[in-house]
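Report on the following structure.
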Amino acid sequence: MNQELISIHEVAKSVTEAMETRHSIREYETTPIPEEVLKRIFETSLRSPSWKNSQPWKVHIISGAKKEKLADSLTKAAMESSPAPETNWPESYPSDAKKRMFDLGMKIYGVAGIDRKDKEARDQFMLRNFSFFGAPTAVFITSKFDLNFFVGIDLGCFLQSVLLLAREEGLGTCPQAALGAFPQVVRNELNLPNDEKVIMGLSIGYPKPNSDLNRFHTPREESSDLLRFY
Ligand SMILES: Cc1cc2nc3c(=O)[nH]c(=O)nc-3n(C[C@H](O)[C@H](O)[C@H](O)COP(=O)(O)O)c2cc1C
């Protein structure tokens, strides 16, 4: 492996370290990810558990010119049309979750230097989802399964595997529901059959150092409120 391509970011040496250091990365170096690194991550991620070993996922890993073209098409779609996801995006939340989501927005806009009242700036920031926040590789997770609750759990297990394995390679990631907002664009660009639904995607790459956005860590609720040991 070309050592010069390895980011200055620390590599997680245990699952615990990967869990503790992982957070969503929204600014990347353009440095390409060596093919063997991508292969290691995604081939290992296929060991994820699923309901009765049904393995509802297909995974599309896109780099180079094809990724650029996809970014252009998705950005254009986001500027010209409304999201049309093939999954049910949640519409309501308990009030404490609403507060966490509001706080997240405030904090991200804060570190990005965006005034929350500036809709134009917020829209521009949102658009960065579709150019994968500058990451060298984009990933789309698709499925031909009926999208029931347990398929969602299976795909979540798969997603977390990828996020943690990426940390072991010194890579950052951002899981993105936004990448499922324009499935027809993804379907056209990747030549997918109509019955293969585009669930979501993620950006993956070497985190940009000295980035305020990347330094930002979301808080978690107190474990005493969430865990009960008997
Ligand atoms: C299913 C899912 C969808 C997400 N969609 C987006 C997205 O579209 N855009 C984005 O910037 N972050 C997205 N995120 C990242 C979350 O905002 C992030 O995981 C959460 O705020 C916790 O922060 P952390 O990942 O930095 O620990 C998503 C995360 C998950 C698990």
Side-chain angles (χ1 to χ4, degrees), residues 9 12 15-28 74-75 78-79 81-135 139-141 147-164 166-167 172-183 198-204 207-208 210-230:
H9 253 65
V15 180
T16 302
E17 204 184 318
M19 275 301 291
E20 283 174 349
T21 58
R22 185 215 61 82
H23 61 280
S24 294
I25 294 296
R26 296 187 179 86
E27 271 191 298
Y28 293 87
L74 281 171
T75 304
M79 285 163 69
S81 53
S82 302
E86 292 169 317
T87 53
N88 291 327
W89 281 10
E91 280 170 8
S92 62
Y93 302 89
S95 56
D96 59 330
K98 277 190 203 156
K99 183 181 174 310
R100 288 194 287 275
M101 292 160 74
F102 180 80
D103 287 348
L104 172 71
M106 290 296 279
K107 283 186 187 130
I108 289 188
Y109 295 139
V111 286
I114 292 169
D115 178 353
R116 208 185 68 81
K117 291 194 199 102
D118 186 346
K119 184 170 179 321
E120 165 97 34
R122 276 190 288 134
D123 288 349
Q124 282 301 321
F125 182 76
M126 193 278 293
L127 275 183
R128 287 199 228 164
N129 271 287
F130 301 105
S131 52
F132 317 113
F133 299 112
V139 179
F140 286 84
I141 300 173
L147 298 180
N148 62 50
F149 187 78
F150 284 99
V151 169
I153 291 186
D154 297 341
L155 296 176
C157 288
F158 177 82
L159 180 68
Q160 175 78 321
S161 300
V162 173
L163 306 187
L164 297 181
R167 282 295 302 117
T173 50
C174 187
Q176 290 162 261
L179 296 181
F182 303 99
V198 180
I199 313 291
M200 64 178 294
L202 62 119
S203 302
I204 179 166
K208 197 168 216 161
N210 309 318
S211 150
D212 286 340
L213 261 176
N214 289 348
R215 264 198 292 272
F216 164 69
H217 280 234
T218 47
R220 295 294 186 268
E221 296 298 302
E222 289 299 325
S223 63
S224 55
D225 288 339
L226 301 176
L227 306 178
R228 197 156 298 166
F229 296 93
Y230 297 89

> Can you check side-chain contact (heavy atoms from CB on, under 4.5 Å) on I141 and L155, steps first, answer last?
Replying inline: CA-CA 8 Å; I141 300 173; L155 296 176; 4.0 Å; yes
> Which atom names give the shortest non-hydrogen contact between E86 and L147, and what distance separates them?
Replying inline: O-CD1, 3.8 Å
>> E27 vs N214, test: side chain to side chain donor-acceptor pair (under 3.5 Å). Steps then yes/no.
In response: CA-CA 7 Å; E27 271 191 298; N214 289 348; 5.3 Å; no
> Which atom pair, heavy atoms only, marks the closest approach of L202 to P175?
Replying inline: CB-CA, 3.9 Å
> What do you reckon, is CG of D96 surrounded by more than 12 foreign heavy atoms closer than 6.0 Å?
Replying inline: yes
>> Donor-acceptor pair, distance only, cut-off 3.5 Å: does the side chain of S211 make one with the backbone of P207?
In response: no
> Can you find a pair of side-chain heavy atoms, one from T218 and one from H23, that are under 4.5 Å apart?
Replying inline: no
>> Please check: side-chain N/O of Q176 versus main-chain N/O of N129, any donor-acceptor pairing under 3.5 Å?
In response: yes
> What heavy-atom pair brings S203 and A135 nearest, and what distance separates the two atoms?
Replying inline: CB-CB, 3.8 Å
Donor-acceptor pairs are to be reported for all side-chain atoms of residues 100-120 against protein atoms at under 3.5 Å, with residues two or more places apart or in another chain.
from	atom 1	to	atom 2	distance (Å)
D103	OD2	K99	NZ	2.8
D115	OD1	K117	N	2.9
D118	OD1	E120	N	3.4
D118	OD1	A121	N	3.1
K119	NZ	D123	OD1	3.4
K119	NZ	D123	OD2	2.7

> What do the steps show when you test M19 against Q160 for side-chain contact (heavy atoms from CB on, under 4.5 Å), and what is the final call?
Replying inline: CA-CA 10 Å; M19 275 301 291; Q160 175 78 321; 3.4 Å; yes
> Should I25 and L213 be marked as a side-chain contact (heavy atoms from CB on, under 4.5 Å) after you check the CA-CA gap, both sets of side-chain angles, and the distance that decides it?
Replying inline: CA-CA 7 Å; I25 294 296; L213 261 176; over 6 Å; no
>> Can you list everything that forms a ring-ring contact (aromatic ring centres under 6.0 Å, His included) with F182? Sequence neighbours excluded, please.
In response: F130
> In terms of ring plane angle, is the pair F132 and F140 parallel, tilted or perpendicular, where the classes change at 30° and 60°?
Replying inline: perpendicular
> Of all heavy-atom pairs between I204 and A166, which one has the smallest distance, and what is that distance?
Replying inline: CD1-CB, 3.9 Å
> Taking atom NZ of K98 and atom OH of Y93, what is their separation to the nearest 0.5 Å?
Replying inline: 10.0 Å
>> Looking at every non-hydrogen atom in both residues, tell me the closest pair between A12 and E17 and how far apart they are.
In response: CA-OE2, 3.7 Å
> Where do F150 and N148 come nearest, in terms of heavy atoms and distance?
Replying inline: N-OD1, 2.9 Å
> Given the rule in the side-chain contact (heavy atoms from CB on, under 4.5 Å) test, do R22 and L163 qualify, once you have shown the distances and angles that lead to the verdict?
Replying inline: CA-CA 8 Å; R22 185 215 61 82; L163 306 187; 3.7 Å; yes
> Got P83 and W89 here, is their nearest side-chain heavy-atom distance under 4.5 Å?
Replying inline: yes
